[in-house]
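Structure record follows, encoded as structure tokens.
Chain letters run A, B, ... following the sequence lines, proteins first, then strands; residues in each count from 1.
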Number of protein chains: 2
Amino acid sequence: MSVVSCTPSMGRPRAFDAETALEKALDVFWRKGYDGTSLSDLTEAMGINKPSLYAAFGNKEQLFLKAIELYESRPCSFFLPALEKPTAYQVAEHMLYGAAMNMADQAHPQGCVVVQGALSCSEAAATVKAALLNRRVEGEQKLCARFEQAKIDGDLPANTDAETLARYLGTVLQGMAIQANNGASSEQLRQVAEMTLQAFPRKS
Amino acid sequence: MSVVSCTPSMGRPRAFDAETALEKALDVFWRKGYDGTSLSDLTEAMGINKPSLYAAFGNKEQLFLKAIELYESRPCSFFLPALEKPTAYQVAEHMLYGAAMNMADQAHPQGCVVVQGALSCSEAAATVKAALLNRRVEGEQKLCARFEQAKIDGDLPANTDAETLARYLGTVLQGMAIQANNGASSEQLRQVAEMTLQAFPRKS
DNA sequence: GGGGTTATTTACCGCTAAGTACAGATATCT
DNA sequence: AGATATCTGTACTTAGCGGTAAATAACCCC
């Protein structure tokens, strides 16, 4: 699934790669947040002019939403793949270690754009704030459903509160995003992940 | 220590209460973040005009910093008081339950302004971003020092990694701020607090 | 090569941002 | 009362915002 408009056969061809430009936009939104990013920031980083941006991506808001889609579909994304692990404990393990690795990775801005892209923001950003909030909540619901399944599978005790367990894990993951912004290293986050797993119920 | 300029004896007296106005400003910054808050938002909420704001508080940046000082000195603040508890476990307990209570309190915006006031932001907000980051890191250092003392006191095992423990707790607390923004209730956060404490080392 | 189509460039729009000059209002001090 | 000091309200400045109109350039199809 291509996140950007596909190139038509007729007319002057686009002088930039839309996917690359979107990556650049994501980087800016990630570092500065939606409110803190201006169109000048974007066009400069993307290497295009404003009319090109508007023709290719609609407007600032739609550009942001497409950048988030890209963010979540990237190969280095760790959340959804972790859900596929065979046991609840392994799901948590992969998610926490994946987050530790990813969120402090110096190859891109620290933290998580879904957490920090529009946390507290102006009314103009209400739509994107809601979109991000939705993704955070949905992620936790998927985690909850995965833990319910784990109870059926028998790799979580039957009396486990799956919702609270998912919320606990979500809390730590989101906290790790802040920690990465605070300057914590991957190794330091890995230690936090390890400690987090100590509160995790084991197969009884 | 008064956070605002003290009233002089001569000249026309101020028509508003500076402390009350600062509370209003804090509320706006808390909900909208530094970048998302305009001077119009502020003057409207504070019930004063721009020249009064500038005369009393300097500028937007200084107003923000004063609002943060007020935030941390408020009676409902839970972080510093928790450090005074007799044992490391009680420190963690009071901090986590205090956060659960406070961050989802409907009497004010959700979450924590130190976390969400300027997480990802424009270059214009670099100073306030650094100030908030500093406070988060300092809080964790105080926590770490408290846990080191606990090892001396004997209410934490001697082989405890105080730094990691403090970072783990900081991670959960900061994660709870995001959770509160996600709409989590105090009761739901309390459950997360409970689970967090299960990873906490007990007196051996 | 010409017509149709799309992208790029430059210049601009209306609006709001943060911050301030200045005149008038209201207090204290002598 | 008068002088002095401070605050308030209106109106303003400069700069940047998100977004767009219109002319020009580059491509495909016939």
task: Rounded off to whole Å, could you give me the NZ-to-C1' distance for the A/K60 and D/dG18 pair?
output: 8 Å
B/E44 CD to C/dA18 C1', straight-line distance once rounded to whole Å: 17 Å
query: Nearest of D/dC17, C/dT26, C/dA7 to any side-chain atom of A/S38?
result: D/dC17
field: Any donor-acceptor N/O pair under 3.5 Å between C/dG19 base and B/K50 side chain
entry: yes
field: base_contact_polar (D/dA25 base, A/R12 side chain, donor-acceptor, <3.5 Å)
entry: yes
message: Taking any heavy-atom pair under 4.0 Å as a contact, classify B/T37: base, sugar-phosphate, or nothing.
response: sugar-phosphate
query: When you look at CD of A/E44, are more than 12 heavy atoms from neighbouring residues, nucleotides or ligands closer to it than 6.0 Å?
result: no
field: Whole-Å distance separating the CG atom of A/L39 from the P atom of D/dA15
entry: 20 Å
- request: Look at B/E148 together with B/K151 and state whether they make a salt bridge at an N to O cut-off of under 4.0 Å.
  value: yes
- prompt: Can a salt bridge be assigned to the pair A/R167 and A/E163 using a cut-off of 4.0 Å between side-chain N and carboxylate O?
  reply: yes
task: Could you say whether A/D41 or A/G58 is positioned toward the 5' end of DNA chain D, judged by the nucleotide with the nearest heavy atom to each?
output: A/D41
task: Figure out the CG/C1' separation between B/L53 and C/dA17, and round it to whole Å.
output: 14 Å
message: Just N and O in the side chain of A/N49: are any of them under 4.0 Å from OP1 or OP2 of C/dT8?
response: no
task: Give B/P51 one of three labels, base, sugar-phosphate or nothing, depending on what nucleic acid heavy atoms sit under 4.0 Å from its own.
output: base
query: Does D/dG16 have OP1 or OP2 sitting under 4.0 Å from an N or O in the side chain of A/S40?
result: no
Given DNA chain C, 5'-ward residue of the pair B/Y54 and A/F16, judged by closest heavy atom: A/F16
Validation: residues 105-115 of chain B side-chain donor-acceptor distances under 3.5 Å, sequence neighbours left out:
{"unit_1": "B/D105", "atom_1": "OD1", "unit_2": "B/A107", "atom_2": "N", "d": "2.8"}
{"unit_1": "B/H108", "atom_1": "NE2", "unit_2": "B/N102", "atom_2": "O", "d": "3.4"}
{"unit_1": "B/Q110", "atom_1": "NE2", "unit_2": "B/D105", "atom_2": "O", "d": "3.1"}
{"unit_1": "B/Q110", "atom_1": "NE2", "unit_2": "B/H108", "atom_2": "O", "d": "3.3"}

- request: Determine: side-chain N/O of A/S52 to OP1/OP2 of C/dA7, distance under 4.0 Å, yes or no.
  value: no
query: Does B/R190 reach the main-chain N or O of B/A100 with its side chain, forming a donor-acceptor pair under 3.5 Å?
result: no
- prompt: Separation of B/I48 atom CD1 from D/dT8 atom P, in whole Å?
  reply: 8 Å
query: Rounded to the nearest Å, what distance is computed from the NZ atom of residue A/K32 to the C1' atom of nucleotide D/dG18?
result: 16 Å
query: Can you check the A/E123 CD to D/dG18 P distance for me, whole Å?
result: 16 Å
Whole angstrom value for the distance that separates C1' of D/dA26 from CZ of A/R14: 15 Å
